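Only one structure is covered here, and it is reproduced in the block below.
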Amino acid sequence: MLARASVAARSAIASAHGAPARSMSGLVDRLTALVPEKQAEKKAVLAAHGDKVLGNVTVSQAYGGARGVQCMVWDTSLLDAEEGIRFRGHSIPELQEKLPKAPGGDEPLPEGLIWLLLTGELPTAEQAKEVTEIMHQRAALPDHVEPMIRAFPKSMHPMTQFSSAVLALQTESKFAQAYKNGVHKTEYWKHTLEDVLDLMAKLPRVAALIYRNTYHDGTIADYDSSLDYSANFNRMLGFNDTNFDELMRLYLTIHSDHEGGNVSAHATHLVGSALSDPYLSFSAGMNGLAGPLHGLANQEVLDWILELQRTFAERNVEVSPETVRDYTWETLNAGKVVPGYGHAVLRKTDPRYTCQREFALKHLPDSELFKIVSSVFEVVPDVLTEHGKTQNPWPNVDAHSGVLLMNYGMTENTYYTVLFGVSRAMGVLSQLFWDRALGMPIERPKSLTTEWIKNKFD
Ligand code: AMX
């Protein structure tokens with residue numbers, strides 16, 4: 001049932017708030033034990049290898065977006081150009097096999113992934129459940145955030161609303177408060193952990209409010225702490241289909257982290273390095289995710305596919321390898337990118353694409369849009385190869401996600417990047433916790449002028 005405003009929701013969350021404190025001790029205890037171990041490990045690595053060379057930087061790399069420059073430590077995930085992402089050493093198929101699932105479900109619970117990203121250890125079902133409880137306990141929003149979201153013009157892009165709402169949540173930062181109170185730097189990580197968990201917990205309601213207010217009548221379902229993170233998120237968004245719950249679990253898992261150099265991860269890490277609290281840091285990351293070459297590509301892909309469908313209907317042509325090929329060339333000849341294809345690091349099909357394709361084959365094999373996505377997959381890599389500019393002609397995560405969301409009735413593609421953002425929080429905030437625990441310094445690479453480069457090498 002949908003109820004206006006959030007009074008009922010707040011009381012539902014507040015009663016979850018009163019849940020026994022024992023439910024959060026496992027994760028915090030585990031991290032408390034791990035922090036000194038990892039601090040010692042960092043010290044040992046620096047003592048043994050501190051003067052080893054990771055690589056040289058060429059002038060092309062300095063002009064070329066620092067592509068391939070190895071100069072950052074990011075422990076939550078690692079991207080291999082051929083194989084794709086591993087989260088704490090585990091590939092996506094391994095996560096699908098090893099992470100706890102919802103009763104009767106096949107897809108991993110993102111709560112289990114949060115445990116894995118934070119601790120580096122695969123959780124038991126009990127431990128994943130504990131994370132679900134932690135999320136419910138911390139989900140209540142401060143009073144000023146909901147009215148602020150409701151006051152935004154519907155024409156404001158959902159990512160602008162999302163980033164602004166995260167900034168508004170910053171009034172709750174326990175790290176900022178502790179810093180103001182003069183906390184010792186060895187204690188930073190404890191307050192950062194509070195913010196990291198609070199923020200992950202609050203994002204679904206923030207995101208759902210944006211969705212309900214921008215595209216619907218503003219009513220939002222009561223918060224239901226008897227459900228897992230993804231199912232409760234779906235109810236607040238207004239969806240009540242258990243297959244969509246499964247998709248949401250998979251979606252939130254696979255978009256969470258993609259090592260440290262991508263724009264949203266790097267921006268969060270960079271801003272956090274100034275000891276800006278997790279709210280300020282994550283909001284910065286979301287402003288980067290909102291760019292069309294990064295997270296906004298999921299919105300662009302669906303526009304491209306729907307435009308293809310419309311154009312073909314107007315021209316009265318069937319979707320076929322030949323017609324999709326011609327349409328792709330039209331895009332390239334107009335000086336535009338084919339959204340959802342290419343990657344700065346990957347050189348093969350993104351395994352995040354592959355697992356979404358498998359989900360579609362299982363749950364929506366007859367969808368017309370899925371058939372278009374499949375035809376595009378057959379043709380675009382060849383066209384991009386023939387075009388000859390793209391380093392990687394294969395599809396990335398964004399080439400598939402929109403069609404799955406459309407299938408379950410989430411048709412508003414300008415919203416899609418917000419879902420990416422809710423997921424991305426899990427990766428970048430887990431790493432931000434470790435940045436604080438390991439005492440990572442303020443980030444400050446050296447820049448050079450063109451004049452300096454010419455003088456050195458001419
Ligand atoms: N369509 C057309 N041209 C493409 C292309 C694509 N899908 N991918 C790359 N190119 C072009 C680049 O624009 C560049 O052209 P230029 O020399 O005229 O500037 C040239 O090929 C070389 O680029 P690259 O080295 O292969 O890629 P990159 O590392 O500079 O950029 C990326 C990577 C993802 C921005 C790029 O492939 C792209 O724009 N793809 C489409 C947008 C997209 O899907 N983004 C989402 C990525 C995943 C994510 O972050 N969510």
Side-chain angles (χ1 to χ4, degrees), residues 58 60-69 74 77 79 81-82 84-85 92 159 251-269 285-305 307-308 324-356 373 376-377 379-405 413 415-428:
T58 64
S60 298
Q61 285 173 309
Y63 276 100
R67 207 69 87 253
V69 177
W74 191 270
S77 66
L79 182 57
E82 304 291 316
I85 193 70
I92 288 173
M159 279 304 282
Y251 188 104
L252 294 179
T253 298
I254 63 175
H255 286 79
S256 60
D257 209 27
H258 218 226
E259 73 173 32
N262 67 76
V263 174
S264 54
H266 191 192
T268 305
H269 172 81
M286 289 304 94
N287 297 336
L289 194 73
L293 296 187
H294 189 23
L296 203 80
N298 60 10
Q299 166 184 325
E300 304 277 295
V301 165
L302 210 79
D303 279 340
W304 192 79
I305 288 172
E307 186 57 31
L308 179 155
V324 173
R325 176 179 297 274
D326 291 347
Y327 186 77
T328 307
W329 274 112
E330 281 175 37
T331 300
L332 292 171
N333 291 337
K336 296 189 257 185
V337 296
V338 180
Y341 281 75
H343 200 273
V345 180
L346 279 168
R347 295 296 174 258
K348 285 272 165 63
T349 296
D350 191 336
R352 300 174 299 174
Y353 176 91
T354 309
C355 74
Q356 292 183 88
V373 167
V376 170
F377 182 35
V379 167
V380 165
D382 279 350
V383 176
L384 285 176
T385 303
E386 201 181 324
H387 187 235
K389 287 175 90 179
T390 316
Q391 301 280 328
N392 172 39
W394 300 105
N396 60 55
V397 65
D398 299 314
H400 216 306
S401 54
V403 165
L404 299 177
L405 297 169
N413 66 325
Y415 183 73
Y416 292 171
T417 313
V418 174
L419 293 183
F420 195 154
V422 172
S423 170
R424 188 45 59 104
M426 297 174 190
V428 301

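Order of appearance sets the numbers: ligands from 1, and atoms from 1 within every ligand. This one's a predicted model, so the numbers in the text were calculated from it and none came from an experiment.
The closest protein non-hydrogen atom to atom 1 (N) of ligand 1 is V338 N, 2.9 Å. For atom 9 (C) of ligand 1, the closest heavy atom belonging to the protein is T390 CG2, 3.5 Å. Considering only non-hydrogen protein atoms, atom 18 (O) of ligand 1 sits nearest to K389 NZ, 2.6 Å. Given atom 7 (N) of ligand 1, the protein heavy atom at minimum distance is Y341 O, 2.7 Å. From the protein, the heavy atom lying nearest to atom 50 (O) of ligand 1 is H294 ND1, 2.7 Å. Distance from atom 45 (N) of ligand 1 to its nearest protein heavy atom, with residue and atom name: L293 O, 2.9 Å.
Each of the atoms 43 (C), 44 (O) of ligand 1 lies under 4.0 Å from some heavy atom of G340. Near V337, the atoms of ligand 1 lying under 4.0 angstrom from a non-hydrogen atom of the residue are 1 (N), 2 (C), 3 (N), 6 (C), 39 (O), 41 (C). Taking every non-hydrogen atom of L332 and a distance limit under 4.0 Å, the qualifying atoms of ligand 1 come out as 2 (C). The atoms of ligand 1 that sit less than 4.0 Å from any heavy atom of H343 are 33 (C), 34 (C), 37 (O). Residue-ligand proximity, A297 to ligand 1, at heavy-atom distances under 4.0 Å covers atoms 43 (C), 44 (O), 45 (N), 46 (C). Taking every heavy atom of A344 and a limit of under 4.0 angstrom, the matching atoms of ligand 1 come to 29 (O), 33 (C). When each atom of ligand 1 is checked for a heavy atom of R67 under 4.0 Å away, the hits are 28 (P), 29 (O), 30 (O). Near F420, the atoms of ligand 1 lying under 4.0 angstrom from a non-hydrogen atom of the residue are 51 (N).
More than 12 heavy atoms of other shown residues, nucleotides or ligands fall within 6.0 angstrom of atom CH2 in W74.
Here the side chains of F420 and D398 are in contact, with some heavy-atom distance below 4.5 Å. A 4.5 Å side-chain heavy-atom check between S423 and T253 finds every atom pair outside the cut-off. D303 has its side chain within reach of N413: a pair of non-hydrogen atoms, C-beta onward, lies under 4.5 Å apart. Residues K336 and E300 fail the side-chain proximity criterion, which asks for heavy atoms closer than 4.5 Å.
Distance check on atom 29 (O) of ligand 1: some protein heavy atom falls below the 4.0 Å cut-off. Distances from atom 32 (C) of ligand 1 to the protein include no heavy-atom value under 4.0 Å. Within a 4.0 Å radius of atom 14 (C) of ligand 1, the protein contributes no heavy atom.
Between H266 and H269, the two ring planes are tilted [angle within 30° to 60°].
When atom types are taken as modelled, the side chain of R424 and the backbone of H255 share a donor-acceptor pair closer than 3.5 angstrom.
Between W304 and Y341, the gap from one ring centroid to the other reaches at least 6.0 Å. A centroid separation of less than 6.0 Å is found between the aromatic rings of H258 and H343.
In this structure, of E300, R424, Q391, H387, the residue bringing a heavy atom nearest to atom 24 (P) of ligand 1 is Q391. Evaluated by nearest non-hydrogen atom to atom 42 (C) of ligand 1, the leading choice among P292, G342, G295, P395 is P292.
L296 and A290 get closest at one heavy-atom pair: CB-O, 3.4 Å. Shortest non-hydrogen contact noted between L79 and E259 is N-OE1, 2.8 Å.
The shortest separation from a heavy atom of V380 to ligand 1 is not under 4.0 Å, leaving the residue out of contact.
Contacts with ligand 1 closer than 4.0 Å are made by no heavy atom of N298, backbone or side chain. Only the side chain of D398 comes within 4.0 Å of ligand 1, counting heavy atoms alone; its backbone N, CA, C and O stay farther away.
No N or O atom of K336 sits closer than 3.5 Å to an N or O atom of ligand 1.
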Practice problem: Report the C-alpha distance between Y353 and F377 in whole Å, list the side-chain angles of each, state the deciding distance to 0.1 Å, and finish with yes or no for ring-ring contact (aromatic ring centres under 6.0 Å, His included). | Solution: CA-CA 10 Å; Y353 176 91; F377 182 35; 4.9 Å; yes

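Between the side chains of N298 and T417, at least one donor-acceptor pair of N or O atoms lies under 3.5 Å.
Going from atom OG1 of T354 over to atom NZ of K348 covers 11.5 Å, rounded to the nearest 0.5 Å.
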